[in-house]
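Presented below is the structure to which this report refers.
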Amino acid sequence: MSSIQAVAESYKVFNPRAYLQNNYVPPRADFSSEDSVMCWKLRRLHEACAKGEIKGHTLVDIGSGPTIYQLLSAFEHFQEVIMTDYLEINRQELKMWLNNEPGVFDWSPYFEYVCKLEGKGESWKEKQKRLRECVSRVIPVDIHQSSPLGREVASGSIDCLVSSFCLEACSPSLVAFHKALENVVGLLKPQGHFLWIGALEESYYLAGEARLSVLPVTEDMVKKALSKAKCVVREFSTYSMTPSMKVGVDDVSGIFFAWAQKDAAK
Ligand SMILES: Nc1ncnc2c1ncn2[C@@H]1O[C@@H](CSCCNC[C@@H]2Cc3ccc([N+](=O)[O-])cc3CN2)[C@@H](O)[C@H]1O
């Protein structure tokens with residue numbers, strides 16, 4: 001079994017509901033504290049999108065998992081959003097939320113927080129409705145394939161990519177991480193934008209019965225990988241996990257946020 005096949009095997013017992021409870025409720029998603037890691041992530045995404053440069057027709061979210069928060073600012077600037085994940089169980093979780101089925105995860109505090117950041121006095125329900133209308137497809141992705149979305153999405157055709165906590169969580173080596181980034185960036189048009197959130201120096205995380213290995217990456221490794229993938233870094237910032245954010249579900253030490261742009265040459 002190859003190391004990539006071993007990663008795939010480890011994901012067979014990934015539990016989306018447990019994953020959501022581990023990472024997307026307080027203290028990590030405590031909207032009463034601006035110091036929470038989720039407020040930090042949503043502010044970074046809001047501020048980058050508020051500059052007005054990140055726009056176009058199609059936005060693709062690589063490795064959505066069972067989460068939608070990563071899209072709350074960016075989706076407003078695109079006509080079509082495509083969500084993706086490797087696991088059917090995660091794609092099902094996303095489709096259930098998009099269809100507003102009973103029992104799905106409550107993202108309303110996230111919508112409320114981003115509406116507050118945007119300061120337009122908009123109702124969070126309106127924003128939620130627009131996101132649901134904007135997502136056209138939830139499709140499979142494999143970042144270790146040269147065409148990560150297969151025939152569904154052609155290389156060089158996408159205006160903007162978003163990805164959060166995916167590449168380092170399913171790359172068994174630095175070589176695989178670099179190749180996966182090149183595969184993903186290959187989806188972008190020249191000068192296309194990439195909004196990338198990831199874990200710093202994390203070696204594992206839990207999701208129910210699953211204990212998943214993570215490639216521990218540093219800020220410097222991420223920046224070097226972007227440069228190797230011919231992306232220019234527009235913004236890069238990091239968040240150091242405070243003791244209250246360390247809840248025993250992983251050994252992550254920090255989070256990075258990168259806004260990068262694929263080079264014009266091609
Ligand atoms: N070959 C593949 N291609 C694409 N995606 C794949 C592939 N294999 C698995 N996947 C896909 O990748 C997975 C993405 S979820 C990865 C979680 N990353 C670690 C976790 C995240 C997290 C969240 C929040 C905070 N915080 O402090 O607020 C900290 C942390 C740190 N721990 C999963 O969706 C799987 O389905």
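Throughout, residue positions are numbered sequentially from 1 according to the sequence presented. In each ligand, atom 1 is the first atom listed, and ligand 1 is the first ligand listed.
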For this session: Indicate yes or no: does an N/O atom of Phe165 lie under 3.5 Å from an N/O atom of ligand 1?
Result: yes
Problem set entry | Geometric N/O contact Asp142 with ligand 1, under 3.5 angstrom | yes
Problem set entry | Numbered atoms of ligand 1 (with element) below 4.0 Å of Arg28, judged on heavy atoms | 25 (C), 26 (N), 27 (O), 28 (O), 29 (C)
For this session: For residues Trp124 and Tyr110, establish whether the separation of their ring centroids is below 6.0 Å.
Result: no
Problem set entry | Atom indices of ligand 1, in the order listed, that fall short of 4.0 Å to a heavy atom of Tyr24 | 23 (C), 24 (C)
Exercise. What is the closest protein heavy atom to atom 28 (O) of ligand 1, and at what distance does it sit?
Worked result: Val37 CG1, 3.2 Å
Exercise. Under 4.0 Å from ligand 1, counting heavy atoms only, is it the side chain of Glu202, its backbone, both or neither?
Worked result: side chain
Problem set entry | More than 12 heavy atoms of other groups within 6.0 Å of Lys55 NZ | no
For this session: Using a 4.0 Å heavy-atom threshold (strictly under), name the region of Met245 that reaches ligand 1: side chain, backbone, both or neither.
Result: neither
For this session: Identify, by atom number and element, the atoms of ligand 1 in contact range of Ala169, meaning under 4.0 Å from any of its heavy atoms.
Result: 16 (C), 18 (N)
Problem set entry | Glu88 side chain to Gln92 side chain, donor-acceptor N/O pair below 3.5 angstrom | yes
Exercise. Using 30° and 60° as the class limits, which term best fits the ring planes of Phe256 and Trp196: parallel, tilted or perpendicular?
Worked result: perpendicular
Problem set entry | Sub-6.0 Å ring centroid separation between Tyr24 and Tyr69 | yes
Seminar exercise, completed: Going by the 4.0 angstrom heavy-atom rule, the piece of Val249 near ligand 1 is neither
Exercise. Between Lys179 and Glu182, is there a salt bridge with N-O shorter than 4.0 Å?
Worked result: no
Exercise. Can you list the atoms of ligand 1 that are under 4.0 Å from a heavy atom of Gly65?
Worked result: 34 (O)
Exercise. Among protein heavy atoms, which sits nearest to atom 8 (N) of ligand 1, and what does the distance come to when rounded to 0.1 Å?
Worked result: Cys170 CB, 3.4 Å
Exercise. Can you find an N or O of Tyr19 that's nearer than 3.5 Å to an N or O of ligand 1?
Worked result: no
For this session: Mark up the atoms of ligand 1 that fall under 4.0 Å of a heavy atom belonging to Asn23, in ascending order.
Result: 22 (C), 23 (C), 24 (C), 25 (C), 29 (C), 30 (C)
Exercise. Is the number of heavy atoms from other residues, nucleotides or ligands within 6.0 Å of CD (Glu209) greater than 12?
Worked result: no
For this session: Output the distance between atom CG (Leu94) and atom CZ (Phe105), rounded to the nearest 0.5 Å.
Result: 12.5 Å
For this session: Considering the heavy atoms of Asn90, write down every atom of ligand 1 situated less than 4.0 Å from one of them.
Result: 33 (C), 34 (O), 36 (O)
For this session: Answer with side chain, backbone, both or neither: which part of Asp85 has a heavy atom less than 4.0 angstrom from an atom of ligand 1?
Result: side chain
Exercise. More than 12 heavy atoms of other residues, nucleotides or ligands under 6.0 Å from NZ of Lys95: is that the case?
Worked result: yes
Exercise. Got the closest protein heavy atom to atom 6 (C) of ligand 1, with its distance?
Worked result: Tyr86 CB, 3.4 Å
Exercise. Glu122 and Arg130: salt bridge (Lys or Arg N to Asp or Glu O under 4.0 Å), yes or no, with the steps?
Worked result: CA-CA 12 Å; Glu122 182 193 21; Arg130 271 208 313 286; 2.5 Å; yes
Exercise. Is there a side-chain contact between Leu187 and Ile62 (heavy atoms, below 4.5 Å)?
Worked result: yes
For this session: Taking only heavy atoms of Met241 into account, list the atoms of ligand 1 that are under 4.0 Å away from them.
Result: 27 (O)
For this session: Kindly confirm or rule out an N or O of Ser64 lying under 3.5 angstrom from an N or O of ligand 1.
Result: no
Exercise. How far is atom 5 (N) of ligand 1 from its nearest protein heavy atom, and which residue and atom name does that atom have?
Worked result: Cys166 SG, 3.5 Å
Exercise. Between Glu34 and Tyr113, is any side-chain donor less than 3.5 angstrom from a side-chain acceptor?
Worked result: yes
Problem set entry | Region of Ile143 that comes within reach of ligand 1 [heavy atoms, distance under 4.0 Å] | both
Exercise. Under 3.5 Å, is there a donor-acceptor pair between the Ser64 and Asp61 side chains?
Worked result: yes
Exercise. Which of the atoms in ligand 1, numbered in the order shown and given with their element, are less than 4.0 Å from a heavy-atom of His144?
Worked result: 1 (N)
